[in-house]
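Encoded as structure tokens, the structure appears first; notes follow it.
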Amino acid sequence: RMTRSLAAGHPITVPGAAGVADGLLAVRPGDITFAQIRAYVDEIVTVSEEEIASAILYLLEREKTVVEGAGAVGVAALMQRKIRGLEGKRVVSIVSGGNIDVNLVARVIEQVVEARRQRRGAQRVRHVWGARTRAAAGIRAAPCRAFGGGAAGVAGSARLRRAGTTKTRRTRASTRL
């Protein structure tokens, strides 16, 4: 709506629609908001509903932050690399608004998880026979000593053997390689 208003040179009315970022779906931009955007904003990028949903779930899973769709659009744009000229720079995205319905959070999780499953299914179709065996051989041959997991999370260890020496990798499972 804002991009159409900027193109027209004045706030215009666009029929409303529902979406994940309902806080951004005003039928018409306000006069003051329009003037500030026109004066201070260099570029507007758009993100899809799916990209916003992915950002909401990312913030929930990785940052332990509950955020509404409108507050996650900046993260969505960054995750999708839609803003030019940021390579090698420190970037801040303001994340705001936790006014999200629990049912919407459930739908977002469902939608993103299903999309992940579909992508994984597409990757399985392109499976190359023997790739796992070659990858495991590379891991066994790697001259390294790696540790993972915390003191509370370590349940077992896996041993990697190479030329008579023992390499140890801590894992959460008691799997042996």
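Numbering starts at 1 and runs along the sequence shown.
A distance of 12.0 Å separates CZ of R4 from OG1 of T13, quoted to the nearest 0.5 Å. Taken from CD in E50 to CD in Q80, the straight-line distance is 10.0 Å, to the nearest 0.5 Å. Within the model, atoms CZ of R81 and CZ of R84 stand 15.5 Å from one another, a figure rounded to the nearest 0.5 Å. A distance of 12.0 Å separates OG1 of T46 from CG of L24, quoted to the nearest 0.5 Å.
Hydrophobic clustering of Ile, Leu, Val, Met, Phe, Trp and Tyr side chains at less than 4.5 Å, counting indirect connections, keeps M2 apart from I12. Tracing side-chain contacts under 4.5 Å through hydrophobic residues (I, L, V, M, F, W, Y), one reaches V45 starting from L86; they form part of the same cluster. V47 is connected to V112 through a chain of hydrophobic side-chain contacts under 4.5 Å among Ile, Leu, Val, Met, Phe, Trp and Tyr, so both are in one cluster. Note on V73 and L59: separate hydrophobic clusters, where clusters join Ile, Leu, Val, Met, Phe, Trp and Tyr whose side-chain heavy atoms are under 4.5 Å apart, directly or indirectly. Side-chain heavy atoms closer than 4.5 Å link hydrophobic residues (I, L, V, M, F, W, Y) into clusters, and following such links, possibly through other members, connects V113 to L104.
Heavy-atom neighbours of I32 CD1 from other residues, nucleotides or ligands within 6.0 Å: at or below the threshold of 12. E63 CD: more than 12 foreign heavy atoms inside a 6.0 Å radius.
In terms of modelled atom types and a separation under 3.5 Å, the side chain of E49 and the main chain of V20 share a donor-acceptor contact. No donor-acceptor pair under 3.5 Å is formed between the side chain of T33 and the backbone N or O of P29. Remark: side-chain polar atoms of R1 are paired, donor with acceptor, to backbone N or O of P15 under 3.5 angstrom. Checking side-chain atoms of S54 against main-chain N and O of I52 turns up no donor-acceptor pair under 3.5 Å.
The shortest distance between side-chain heavy atoms of I56 and I109 does not fall below 4.5 Å. In this structure, V108 and V105 have side chains that are not in contact, with every pair of non-hydrogen atoms separated by 4.5 Å or more. Residues I37 and I44 form a side-chain contact, since some pair of their non-hydrogen atoms from C-beta on lies under 4.5 Å apart. Residues L57 and R116 meet the side-chain proximity criterion, which asks for heavy atoms closer than 4.5 Å. Put simply, the side chain of I100 does not reach to within 4.5 Å of the side chain of V67, judged on heavy atoms. Looking only at side-chain heavy atoms (C-beta outward), R28 and D31 come within less than 4.5 Å of each other. Put simply, the side chain of F34 reaches to within 4.5 Å of the side chain of L6, judged on heavy atoms. The shortest distance between side-chain heavy atoms of V14 and V27 does not fall below 4.5 Å.
Residues S93 and G74 approach most closely at OG-C, 3.4 Å, considering heavy atoms. Minimum interatomic distance between A72 and A55 (heavy atoms only, all atoms of both residues): O-CB, 3.6 Å.
Between E114 and R117 there is a salt bridge, since a side-chain N of the basic residue sits under 4.0 Å from a carboxylate O of the acidic one. We find that K82 and E51 are joined by a salt bridge, their nearest charged nitrogen and carboxylate oxygen being less than 4.0 Å apart.
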